[in-house]
Participant: 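Handing you this structure, nothing more for now.
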Amino acid sequence: MMRLRLTGGCAETARLAEDLQALLATGTARARYAVCEVSGFYPNRGNTDQGRVYLELDVEPTDEGGGAR
């Protein structure tokens with residue numbers, strides 16, 4: 001299991017999370033990545049519009065590419 005942290009504005013992180021799910025589903029990487037969960041938006045402390053979103057991934061090496069590094 002792997003956890004990615006995306007930081008930015010609410011709309012930006014939501015868009016990137018969706019785009020990453022679509023890109024990772026193409027299967028062209030040296031490993032297969034399955035997005036298991038996308039968290040909600042967690043605002044940063046203080047008076048800011050920035051925050052973070054977490055993606056949890058399962059990583060499975062493919063036979064061709066020698067696996068994830």
Participant: Which heavy atom of A17 sits nearest to which heavy atom of L55, and what is that distance?
Facilitator: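 Scanning both residues completely, I find the closest heavy atoms to be CB-CD1, 4.0 Å.
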Participant: Answer yes or no: is there a donor N or O on one side and an acceptor on the other, between the side chain of E12 and the main chain of G9, under 3.5 Å?
Facilitator: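 Side chain of E12 to backbone of G9: a pair is present.
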Participant: Tell me whether V53 shares a hydrophobic cluster with L4, the cluster being built from Ile, Leu, Val, Met, Phe, Trp, Tyr side chains joined at under 4.5 Å.
Facilitator: yes
Participant: Out of curiosity, L16 CG to L6 CG, how far, rounded to the nearest 0.5 Å?
Facilitator: 5.0 Å
Participant: Atom CD of E56 and atom CE of M1: how far apart are they, to the nearest 0.5 Å?
Facilitator: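 Rounded to the nearest 0.5 Å, the CD-CE separation comes to 5.5 Å.
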Participant: For residues 41-51, tabulate all N or O donor-acceptor pairs below 3.5 Å that involve a side-chain atom, not counting sequence neighbours.
Facilitator:
| from | atom 1 | to | atom 2 | distance (Å) |
| --- | --- | --- | --- | --- |
| N44 | OD1 | R52 | NH1 | 3.0 |
| T48 | OG1 | Q50 | N | 3.1 |

Participant: With a 4.5 Å limit on heavy-atom distance, are the side chains of L57 and L24 in contact?
Facilitator: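 A side-chain contact exists here, since the closest heavy-atom pair is under 4.5 Å.
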Participant: Can you tell me how far OH of Y54 sits from CZ of R3, rounded to the nearest 0.5 angstrom?
Facilitator: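 Nearest 0.5 Å value for the CZ-OH distance: 6.0 Å.
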